[in-house]
Structures are given as structure tokens and as C-alpha cells.
Amino acid sequence: MRKVLLVVMDGIGFSNTGVGDAVALANTPTLDRLIKDYPNVRLKAHGSAVGLPSDDDMGNSEVGHNALGCGQVYSQGAKLVNESIESGKMYSSEAWKKIVGNVAANSSVLHFIGLLSDGNVHSNINHLIDMLGRAKSDGVKKVRVHVLLDGRDVPATSALDYVEKLEQAMSALNGSSNDGFDARIASGGGRMKVTMDRYEADWAMVERGWQTHVKGEGRMFASAKEAVETLRSESPGIIDQDLPPFVIGVDNQAAGKINDKDSVVLFNFRGDRAIEISMAFEQRVSAGMPDSFRGMLENDSVDVVYAGMLQYDGDLKLPNLYLVEPPEITNTLSELLVKNNLRQYAVSETQKFGHVTYFWNGNKSGKFSDELEDYKEIPSDKVSFDERPWMKSADITDDIIEAIKSGKYDFIRCNFPNGDMVGHTGSVDATVIGVEAVDLALRRLEKVCIENNVLLVVTADHGNADEMLEKDKKGNLAPRTAHSLNTVPFIVCDNGIELEDVEDYGLANVAPTIAGILGLNPPDCWEKSLLKS
């Protein structure tokens, strides 16, 4: 049996347009040669291939790594929530009943917090609007919405489109009868400035979110529109994800502080950037929390009924209440390897460590075997990724080389985040450097794999760096910070292996292919292997 190294080049796909293609602009002699010299195919990494509602929906790292590590396609994210809303299951759930019942019993306020977007990566504004209508029909009188602005999974300066859509929906609900229903926006800020940190990389973001949403403290504006327009004018060129926090005020009083006996729903469905704010609401202390925030939670905690759209971490039972049951993902590649007594190693830097562990393993924290699995997290730099676009690629490569040379592991997987994380900044120049850093890592890894008879397999989880520009409403080119709908490479660096070349193959076909290379029989529920019979 030959050992395998799988490299996931996060956010590196094949452009269909050539517009803003940082992958093509980059000097990538190694990637170019691997594609030229070895068997390779292009895989779908979006839409139905990763369990999303339609092929108009861009993929993301979470569902991408679910598919890569599990060999199966499950209803995910927006599709999962859509099905729950359409069937009525969400509104008949115990969580929804408790959320609404608490407000009715205490004549209190229902708050919604989440990403105001239709990117279908973290959230969908249509889910929020549907819940607003249902809340009114269920007798809720007062609703406050705390909006996190996107500009990452949707056009970079599209926030006001979503603010307007939400304001129109709330206006219609507020004015449709004389029942006293009152819904309005209470606070907000850019997703990369407040609330939506992940992997405990920057708790200060969550602390700012707590001050803004819960305590109602911060710069005050009369409306979200005024806030966005003013903040943009003060920082020309700023994109939505980087807008500072703001509070909406009425007569110099915050319009929607979160108080004891209120109910709170986090309407994001993706888990990674929902965990820390959920921990804060459920008063779960983390070793990574700064003392200032820990003290704030201890002294100013709020007694609310809190629910997430999904349960963001099943092992941690976080949060306790959630509106939609997650897919029950079983029979992962990691489980198959453990059953066959094969040792595996996973490594990435903080920004994508959860993707090669938690998401890879079917949204499960921890290991299937402490004896057979080793994980390594390399701390990410706490700077904007366009300032250090090489990120931790050299450190990850050094670590993989050491793991290969140890001879301990049958299967090694890693993630280089550069194409995605730098791509999200909107800087083409920086993303080119990020892609080149990954190419340099590939060159080093190929050499060591050859020397140690390890099979190098290269793929990606979705596109991003391959489509960094798009046309705005006026037809002008503008930065694109969202993922693309493009295919991604799958390369097996061994000319003795033949691959099927089928157009509708996707990321879920990777696990059965790796299993076949390792000489294992995949579960019947998996997708087909890419290996020719």
C-alpha cells in the first residue's frame, strides 16, 4: 500500500472568464507542470455537487471539506434551512416555540443577529424575512435585527441593497395592521470587524459585537443607511466586510439593546463564525477569551433564551437550542481509515484548521481514534491577509515534510488557505503572491513525496482567487471578494494511475478515490471513485 498526501489549495480554481484571474496571473511553474505531466480532472465544487440548493450557489470551505472528507453529498446550509422552512419543521421545533413563548410570557423583545446577505454561505436574508413574518403571526410584538454586513460572499459594496430589502419587508409588516408590531434594525457592522470571528483567532471581534448588539454602545446613527453611507464617506474605498460597528438610535437611545428575558436568534447557518458569539450568549468560558471580554460577560451577562439556526458544534452541544436539525453525516473517510488501522495526520493554520478536522470529519469535533490520528494547528497571523499573503504556507510545508519523513502516517491531509483568505481581501496583487506561495509549497512537497514514495494528490475546495474582478451595475470592473462557481483541479501525481473524466464529478468523488489508492473498499453510500476500473 502506498502512502498518500492530499493537498487542498483553498480557493484556487479554473477561471471561465480570465477576468481578475489571480491564479493565471501568478507564476505557478509547479502547478502548471503537475497539470501538464500527471493525470488530472476538473471537479465541481459548488451547488448541487456540495449539497446546496442550485448550481447558482457558490461553494464554500465548509461544505467543500464535508464533501471531500465524507465522500457523500448531504443537504447543506441554505438548502437544509429551506427544506425545514418549507416543511414547517422549523416553526414546529421546540427551539422556535421556546423563543416565541419566552417573548410572549415576558412581553419582551425578539432579536435576530446574522449576516445580511443572500450569498448562501453563512446565511440568507430570505430566511430572516420569513422568520419576521412568522414571528408576527405567532404574536411577537417587538423585533430588533442586528445586521452584519457581507461584501465577501456577495459584491463588495452591496450592503445597502440588503438593508433596503430588509427595511421594505419590515415596513410592510409594521404597517399592515394596527396590532402594534414593531420591527427595526438596531445595530450592525462589517463581518470582519464585529461578531463573526472563528477558531478563536480574534476574540476582540466578538467583544466589539457584544458591546454593539447587547449593550447598545457605539457610534450612533439614525438609520442603517445613514451609518453605511457615512462610514464609507469617511474611509474611501472601504468594503462592506470592513465597516466599523454602529448602533441605531432614537432620541440618543439605542433602539435595540438586548436585555434580560429577551429572546435571541442567530440566523447564520454556517458554524465556524457562529461558535464564539454562541459561547458568549451561553456564558461558556474559553481559555482564549481575553480578560476584558471574560470580565464583561461575568459582570454584564444577559439572561436570554438563545438559539442558533443550526447546532454549530454537535460535540460541544453548542448552542443548546437550534431551529434546524443538521445533516447526520456518517461513514467518513477518517472513520474508514481508523477501521482499517491506518494512521492519519491533518495540518493547517488556524484559519482553516477546523476544515481539515471538524468539517472533514462530518461536523464532528475531536478524533475517531486518539491512537491513529494526529492533528496540528499552526497559529495564523493576526493581520489583514493582504499584508502577509504568504500566510503560514512555509510553516505548514515544514510540518508536512517532517510528518512525511517520520514515516508514521498512511494518509496526510493539509490545507493552504492563501487563495481563499487573501482572495477575500479583494487585492489581486496580494492574491497573486498568495497563490505563488502555495506553488512554492507544492514544489517542496513534490520533491519530498518522490524521495519518500508518497503519492501527492492536489485539489481545491472551491474557487476564489480565479475570479477577483466582476462588472458592477454600471459595467465597470470592481473587486470581487466572493467565491467563484468555477471548477477546481484534481491531480494525482502518478502516471501509472488513470482517472475517469466525467463532467458531473465533484468533491465527493475524492474520498472514494483516495480509498481506492489506499486499497480500501469504500462504503456503498459513497459517490464513485475517479479511478478507472
When you check the gap from the basic side-chain N to the acidic O, do K382 and D202 get nearer than 4.0 Å? no
Margin query: As a quick check of understanding, evaluate side chain to side chain donor-acceptor pair (under 3.5 Å) for N418 and D10, giving each step before the final call.
Written below: CA-CA 7 Å; N418 310 59; D10 211 294; over 6 Å; no
**Message:** Check whether E373 reaches the backbone of F368 with its side chain - one donor and one acceptor, N or O, closer than 3.5 Å.
**Reply:** yes
Residue pair E387, S384: steps toward the side chain to side chain donor-acceptor pair (under 3.5 Å) verdict: CA-CA 6 Å; E387 296 178 11; S384 179; 4.9 Å; no
Problem set entry | Charged N-O contact under 4.0 Å between D272 and R270 | yes
| said: What I'd like to find out is whether the side chain of I491 reaches to under 4.5 Å of the side chain of C493, using heavy atoms alone. | reply: yes
Next on the checklist: Parallel, tilted or perpendicular: which one describes the rings of H462 and H483, with boundaries at 30° and 60°?
Outcome noted: parallel
> Is it true that the NZ or CZ of R42 lies under 6.0 Å from the centre of F14's six-membered ring and within 45 degrees of the ring axis?
Replying inline: yes
**Q.** Heavy-atom check, side chain of Y74 versus side chain of L80, under 4.5 Å
**A.** no
Next on the checklist: Salt bridge or not between K193 and D242? Use side-chain N to carboxylate O under 4.0 Å.
Outcome noted: no
- request: Please work out which of the three classes, parallel, tilted or perpendicular, describes the rings of F353 and Y375, given edges at 30° and 60°.
  value: perpendicular
Paired with Y505, the side-chain contact (heavy atoms from CB on, under 4.5 Å) test is passed by just one of V41, L499, L43, namely L43
Test side-chain contact (heavy atoms from CB on, under 4.5 Å), reference L337, set L520, D410, L372, output is L520
Next item on the list: Tell me, yes or no, whether the heavy-atom count around N521 atom CG, taken from other residues, nucleotides or ligands under 6.0 Å, exceeds 12.
Entry: no
Should the ring pair Y306 and F281 be called parallel, tilted or perpendicular, given that the plane angle runs from 0 to 90° and is split at 30 and 60? parallel
Please determine if E451 and K447 form a salt bridge, counting it only when a charged side-chain N lies under 4.0 Å from a carboxylate O.
yes
| query | Using 4.0 Å as the upper bound for N to carboxylate O, is an ion pair formed by R191 and D197? | reply | no
Side-chain donor-acceptor contact under 3.5 Å, N486 with E467
yes
Review point. Does R33 come within less than 4.0 Å of E446, counting only side-chain N to carboxylate O?
Key: yes
Exactly one candidate in R198, K352, R273 meets salt bridge (Lys or Arg N to Asp or Glu O under 4.0 Å) with E62; the answer is R198
Discussion item. Looking at K392 and D381, is any side-chain nitrogen of the basic one under 4.0 Å from a carboxylate oxygen of the acidic one?
Written reply: yes
Paired with L6, the side-chain contact (heavy atoms from CB on, under 4.5 Å) test is passed by just one of V457, N415, L456, V356, namely V457
